[in-house]
Amino acid sequence: HTDRFLSLAGYLRGLFMSKKVKLKVDIYRTVARAVEEGISMGYNRAYKYNSCPDKDSMSEYIHHEIMNSLSEVINFDA
């Protein structure tokens with residue numbers, strides 16, 4: 001999958017660099033999707049290691065996964 005992704009990324013980069021293409025990103029939808037994915041993944045991860053996780057560990061797992069999902073669509077170092 002990685003090779004196909006890299007070749008697709010190279011193709012898209014060439015396409016956008018050669019033409020003046022304007023993109024409009026729906027930031028609300030992008031962030032909302034990342035947060036939803038993070039909540040779901042954090043919830044599932046909390047139950048993966050404990051059949052009855054406490055409130056604090058559940059919150060930690062969810063927070064961690066939300067931040068992971070957001071870091072895939074947002075560059076926090078910029």
Side-chain angles (χ1 to χ4, degrees):
H1 290 88
T2 303
D3 293 336
R4 288 192 336 200
F5 175 76
L6 291 176
S7 65
L8 176 62
Y11 169 76
L12 292 174
R13 188 177 321 112
L15 177 68
F16 291 124
M17 296 297 274
S18 65
K19 300 177 183 177
K20 292 191 177 208
V21 177
K22 292 185 179 184
L23 297 176
K24 186 173 182 181
V25 178
D26 186 341
I27 294 173
Y28 181 86
R29 184 175 292 166
T30 303
V31 170
R33 184 174 298 149
V35 170
E36 288 172 6
E37 289 173 2
I39 291 170
S40 178
M41 290 183 69
Y43 181 85
N44 290 334
R45 179 109 356 131
Y47 278 97
K48 180 177 181 179
Y49 300 112
N50 188 343
S51 62
C52 188
D54 62 14
K55 182 180 176 184
D56 290 335
S57 65
M58 177 74 76
S59 295
E60 287 179 35
Y61 279 112
I62 290 173
H63 178 264
H64 180 77
E65 293 302 328
I66 288 172
M67 295 309 292
N68 280 344
S69 293
L70 286 173
S71 69
E72 291 180 11
V73 295
I74 298 172
N75 182 359
F76 290 106
D77 297 330

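For clarity, every value in this text was computed on a predicted model and none was experimentally measured.
- Smallest separation of non-hydrogen atoms from Tyr47 and Pro53: CE2-CD, 3.3 Å.
- Scanning for salt bridge (Lys or Arg N to Asp or Glu O under 4.0 Å) contacts around Asp54 gives an empty result, with sequence neighbours left out.
- When the side-chain contact (heavy atoms from CB on, under 4.5 Å) test is applied to Ile62, the partners found at least two apart in sequence or on another chain are Ile39, Met58, Ile66.
- Sorted by first and then second residue, the ring-ring contact (aromatic ring centres under 6.0 Å, His included) pairs with a member in residues 49-71 form an empty list; sequence neighbours excluded.
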Verdict with reasoning, Val31 to Ile74, per side chain to side chain contact (heavy atoms under 4.5 Å, CB included): CA-CA 9 Å; Val31 170; Ile74 298 172; 4.3 Å; yes
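- Taken to the nearest 0.5 Å, the CE atom of Met67 stands 6.0 Å off from the CG atom of Leu70.
- Cluster annotation: Tyr28 is not connected to Val35 through the hydrophobic network of ILVMFWY side chains, with a link wherever side-chain heavy atoms come within less than 4.5 Å.
- Ser69 and Ala34 make their closest contact through CB-O, 3.1 Å (heavy atoms, listed as atom of the first residue, atom of the second, distance).
- Checking side-chain atoms of Ser40 against main-chain N and O of Glu36 turns up no donor-acceptor pair under 3.5 Å.
- Atom CZ of residue Arg45 and atom CD of residue Glu60 lie 14.0 Å apart, to the nearest 0.5 angstrom.
- Between Asn75 and Asp77, the shortest heavy-atom distance links the atoms OD1-N, 3.0 Å.
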